[in-house]
Undergrad: 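The structure that follows is given in the form of structure tokens.
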Number of protein chains: 2
Amino acid sequence: MGITDRKEREKQEMRKLIIDAAMEMFIKEGFERTSIRNIADKIEYSPATIYLYYKDKDELLYEVQGQAFLELYNAFVKEVTATDPLERLEQLLFSYINFGFEHPDLYDLMFILRAPMKAVDDENDWPNCDEAYNYLADIIDKCGDQLRFDNPQIAALSIWSIGHGLISLYIRERIKVMQLPDDQIRNIIIATAKEHLRLMKK
Amino acid sequence: MGITDRKEREKQEMRKLIIDAAMEMFIKEGFERTSIRNIADKIEYSPATIYLYYKDKDELLYEVQGQAFLELYNAFVKEVTATDPLERLEQLLFSYINFGFEHPDLYDLMFILRAPMKAVDDENDWPNCDEAYNYLADIIDKCGDQLRFDNPQIAALSIWSIGHGLISLYIRERIKVMQLPDDQIRNIIIATAKEHLRLMKK
DNA sequence: TTCATTTTATGAACAGTGTTCAGTAAGTTT
DNA sequence: AAACTTACTGAACACTGTTCATAAAATGAA
């Protein structure tokens, strides 16, 4: 049936129209200044229409989060170019931190905000993040016994936590307490990440 | 003038009444279910009255954050009992992580939420956190050259970031991606913190 | 005590939020 | 052409933080 196909296609196009508008507004205006009404205005539909395509705002946010994870994964593929696994691990960490610096609002949505996670019903599942996490896990596997860790899961969580800790303290303005001049904050974050990598290596 | 003294005292009592009610609601009901109207209801005043004592919600939140930092500092003093600085550093990190596990909503207010930081006008100042941060910085100083770090600021940021990274990934449900059974999440967080301490030591 | 002034508290309103739903208009099938 | 289905929306609901004119109470001066 050609019509049902077209209808399905149009439905997907509408969903894309909505999340593209949402994503653009998150990046440009920030998360807090982006409401359902704002998104509706931008795409020239009524707010109620959005609810025909997404159950609620959380579900919409989860979808945008998915797009953001695609961008992160693309950054990984583009920036992690070395063959030596230890070098790859370093490139990965800096790619991750850099993503946080360049897209703080997307980072928020991916790793800090509560809202999008409310759309994940399953207790132990978060498909949006799988691809990126596996990318990290694979690199750590390839490092074999070159790291001072016995457990690869702990190694992965260690790398992730130091990266996330640095970025989120920065994004949420907690590094203020160290009273560093503004242009040195980035430097000390990068230096701390480098030191962590150094300590991890055998 | 006795009357002005009493008035000032009453003003401070009213401010305390408000933040105590707010704090109790954050802990009991969670941050998202605590509105100015809810707090006003609890203390049996009109919402408008709260604005006679606090400029806006952000200022109120900043004050509650200050109370939360007092509690964190008290936990440090109570739980960091060793004399050896390396041991003290370990006790501090676990005290910090434990605080996050036991008071996730206060941790939110202290280290994750944007709102309370909007009440900090100064670019490079965050008095609420000073005491707790200096406690960490002092311990690291006392470690002297026993750590594999040249720069004490980097050592401090490294410890803080790993602790914050672990807690905030947990609180905001991002550790889901590792697909661990619920009772093992705490274990792997603690194990990762322990490994970090091990790597830091000479 | 009486009157004027200052302090303290509030009801009602404003502009915003996410969300629902009856009603309308357009598209599709018979 | 009529019946049915799908797509869309205006208006409303219950909530949010915040402001402000108004009222009540406390204080100071006569």
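Protein chains get the first letters and strands the later ones, always in sequence-line order, with residue 1 at the start of each.
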Undergrad: In whole Å, I'd like the distance from the CE atom of A:M14 to the C1' atom of D:dA7.
TA: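 Checked: the CE to C1' distance equals 9 Å.
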
Undergrad: Any salt bridge between B:R114 and A:D108, counting N to O under 4.0 Å?
TA: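 Salt bridge: yes.
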
Undergrad: Distance check needed: D:dT16 C1' versus B:D41 CG, whole Å only.
TA: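 Going from B:D41 (CG) to D:dT16 (C1'), I get 14 Å.
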
Undergrad: Do the side chain of A:S158 and the main chain of A:I154 share a donor and acceptor less than 3.5 angstrom apart?
TA: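 Judged by distance alone, no pair lies under 3.5 Å.
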
Undergrad: From the options C:dT19, D:dT16, C:dT17, select the nucleotide whose nearest atom is closest to the side chain of A:Y51.
TA: C:dT19

Undergrad: Give a yes or no on whether a donor-acceptor pair under 3.5 Å exists between the nucleobase atoms of C:dG16, that is its base, and the side chain of A:R37.
TA: no

Undergrad: Give the rounded distance in Å between these two atoms: CG of A:L52 and P of D:dT9.
TA: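 These atoms are roughly 9 Å apart.
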
Undergrad: Please compare B:E44 and A:K55 by the position of their nearest nucleotide in DNA chain C and report the one closer to 5'.
TA: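 On the 5' side of the pair lies B:E44.
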
Undergrad: So does A:T49 get a side-chain nitrogen or oxygen closer than 4.0 Å to the phosphate oxygens (OP1/OP2) of D:dT9?
TA: yes

Undergrad: One pair to check against ring pair (Phe, Tyr, Trp, His ring centres under 6.0 Å): B:Y170 and B:F101. What are the steps and the verdict?
TA: CA-CA 9 Å; B:Y170 171 73; B:F101 278 133; 5.1 Å; yes

Undergrad: State, without any angle test, whether B:N38 and B:S35 hold a side-chain donor-acceptor pair at a distance under 3.5 Å.
TA: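 Looking only at side-chain atoms, B:S35 and B:N38 do form a donor-acceptor pair, the distance falling under 3.5 Å.
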
Undergrad: Once you round it to whole Å, what is the distance between C1' of D:dT16 and CG of B:L60?
TA: 15 Å

Undergrad: Rounding to a whole Å, what distance do you find between B:E10:CD and D:dT27:C1'?
TA: 12 Å

Undergrad: Would you kindly give the CD-to-P distance between A:Q12 and D:dA7, to the nearest whole Å?
TA: 12 Å

Undergrad: Between B:K11 and B:P47, which is nearer to the 5' end of DNA chain C once each is assigned its nearest nucleotide?
TA: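 Looking at DNA chain C, the more 5' nearest nucleotide goes with B:K11.
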
Undergrad: Distance check: side-chain N/O of A:Y53 vs OP1/OP2 of D:dC8, anything under 4.0 Å?
TA: yes

Undergrad: Can you tell which of C:dC21, C:dG18, C:dG11 lies closest to the side chain of B:S46?
TA: C:dG11

Undergrad: Quick check for you: among C:dT19, D:dT18, C:dT17, whose closest atom lies nearest to any side-chain atom of A:S35?
TA: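 Shortest atom-to-atom distance from the side chain points to C:dT17.
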
Undergrad: Measure the distance from CG on B:N38 to P on D:dC15 and round it to the nearest whole Å.
TA: 10 Å

Undergrad: Whether the B:W160 and B:Y96 side chains hold a donor-acceptor pair (N or O, under 3.5 Å, no angle test) is what I'd like checked.
TA: yes

Undergrad: For the pair made of OH in B:Y45 and P in C:dG11, what is the distance, rounded to whole Å?
TA: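 Computing the B:Y45:OH to C:dG11:P distance gives 13 Å.
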
